[in-house]
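These notes are about the structure you will find just below.
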There are 2 protein chains.
Amino acid sequence: MTASPLAEQIAQKLRRDILRGKLAPGDPIKERDNAVDLGVSRTPLREAVRILAKEGLVQLRPARSPIVADPSLKEVRDSVMVLKALEILSGELACREASDAEIAEIRDLSERHLALSETAEGDALIELFEIDMAFHTAIARASHNPALAETHAAYLARMWRQRYLSAVQRRARERVRTQHENIVRGLETRDPARVGAEIDAHLSALIVNLTRLFELRESGRDLTTNEKDIE
Amino acid sequence: MTASPLAEQIAQKLRRDILRGKLAPGDPIKERDNAVDLGVSRTPLREAVRILAKEGLVQLRPARSPIVADPSLKEVRDSVMVLKALEILSGELACREASDAEIAEIRDLSERHLALSETAEGDALIELFEIDMAFHTAIARASHNPALAETHAAYLARMWRQRYLSAVQRRARERVRTQHENIVRGLETRDPARVGAEIDAHLSALIVNLTRLFELRESGRDLTTNEKDIE
DNA sequence: CGTTTGAATCTGGTATACCAAAAAATTCTT
DNA sequence: AAGAATTTTTTGGTATACCAGATTCAAACG
């Protein structure tokens, strides 16, 4: 018995396809076609789709093919607001609960991010981004509140694509570096108020940046490669 | 096509069974047995179990029957902490975003809860409790942040049983009534700080109460095994 | 030529049968 | 009698077949 890795495996594959843009927002995910494509039956694929739906990456529609989610600006902002609340709580708890080793690990991630941030280009951007995500994930875990860490991870996953588009920008990278550093300092001094404030600033800036990105997309060309449904 | 009500329906039934204690924490949920019991096939039952697993009501174990979750005190407290953060954010946003009609609906729920709270006994307790849950859910929805409302609902569901055991107590019912009233007042005056503080107090009290319940259970006999109804 | 209606087709939902892995029980060995 | 190995049973995972609702496209009618 395999504890159903297949469904999780398929979900992982679809996830990556979505995040890297191979599956564009709005694209349908027909469980029949995809099933034969991947050489598996509908049953596990079906489960995979449900998993992604729970994560918010695909939308289930009654009596229609599920489609890759194409969140509106409002939806993204809504999500970031929740993420902000979760992450502030994480940071505050981490000040109390985290071990020195955990904080050191967070600092390490921050420094690796810093080192890569200045030079990264092309495929290395994905690595840069993954370190960024790992940084935030590490803080959530340092809260020693598994439920919180899990929910936080779910929100992070949900916004992978949007955050990726944002994080890749040169201009944003500069800001992110100093803000991460500030957060780490707050953790090292075990100052919940400061950590909370820094995280607040960090994610508020993210909202601003994402808003700008959306406006860019509206006006100029479509970054997502599929036009077919933008109003 | 029915948009898969069956799985949701089964999930709902199992949820209620768990809440009422008919299915005790630690009980296995064998997909074969339950399927024939309910007269449905394993497929939708399987989906139902996954739904409950996502909600945290049952635990999936590789190569073993899923079992009804039996969260430790720490896990419950962790969850309530997250719930508190989510609900405070909901309340604050609701002050800005909610329509007067929505706030009126929340008041209505509060008053129905109040009316039932004094007399309810036996099966009516479940109704009382459902109104309680509806009250909190309505606040989350009034934030006009669907992602927030959804995550909030998930956490509420996850702690159904614990909250039920707490809410049913006579002593707690008194406190809940006045705290709900305070929250409603804060919403009606559109005072985010007050709403946040009241919700904070409300859920902090819940933590205290749940802690007490756990200690009771530890010392005395075990409430969880199958006496299907509490006083 | 436009509208309407009905049938073909595509969708996901459900039931069932089969398979592999892991526990549990039994038996064989020492 | 105790332990180990094997067989039996129980579990969930997967594939497949069938069903019902929804969409859509085309033909027939106005």
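Atoms considered below: every heavy atom in the structure, side chains included; atoms not considered: hydrogens, waters and symmetry mates.
- Cation-pi contact between B/R158 and B/Y155: present, with separation from the ring centre below 6.0 Å and deviation from the ring axis of at most 45°.
- Separating the CD atom of B/E47 from the C1' atom of D/dG13 is a distance of 14 Å, rounded to the nearest angstrom.
- Residues passing the side-chain contact (heavy atoms from CB on, under 4.5 Å) test with A/Q12, sequence neighbours excluded: A/R15, A/R16.
- Comparing D/dT11, C/dG12, C/dA15 by their closest approach to the side chain of B/K30 singles out D/dT11.
- B/I29 comes within 4.0 angstrom of the backbone, heavy atoms only, and of no base.
- Taking the side chain of A/P44 as heavy atoms from C-beta on, and the options D/dG12, C/dT11, D/dT14, the nearest nucleotide is D/dT14.
- Contact check, A/S41 against D/dA15: a side-chain N or O comes under 4.0 Å of OP1 or OP2.
- Between the C1' atom of D/dG13 and the CG atom of B/L45 lies a distance of 15 Å, rounded to the nearest Å.
- Distance CD1 (B/I51) to C1' (C/dG13): 13 Å, rounded to an integer number of Å.
- Closest contact between the side chain of A/S65 and the listed nucleotides C/dG12, D/dG12, D/dT16 involves C/dG12.
- When the nearest nucleotides of DNA chain D are assigned to B/P66 and B/T43 by heavy-atom distance, the more 5′-ward of the two goes with B/P66.
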Can you give the donor-acceptor pairs under 3.5 Å from side chains of residues 86-94 of chain A to other protein atoms, not counting sequence neighbours?
| unit_1 | atom_1 | unit_2 | atom_2 | d |
| --- | --- | --- | --- | --- |
| A/E87 | OE1 | A/H152 | NE2 | 2.6 |
| A/E87 | OE2 | A/H136 | ND1 | 2.3 |
| A/S90 | OG | A/L86 | O | 2.9 |

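- Remark: P of D/dT11 and CD1 of B/I67 are 15 Å apart, rounded to the nearest angstrom.
- B/E102 has no carboxylate O lying under 4.0 Å from a charged side-chain N of B/R141, or vice versa, which leaves the two without a salt bridge.
- Here B/R42 does not reach the OP1 or OP2 of C/dC18: none of its side-chain N or O atoms lies under 4.0 Å away.
- Within the 4.0 Å cut-off from OP1 or OP2 of C/dG12, not a single side-chain nitrogen or oxygen of A/R46 is found.
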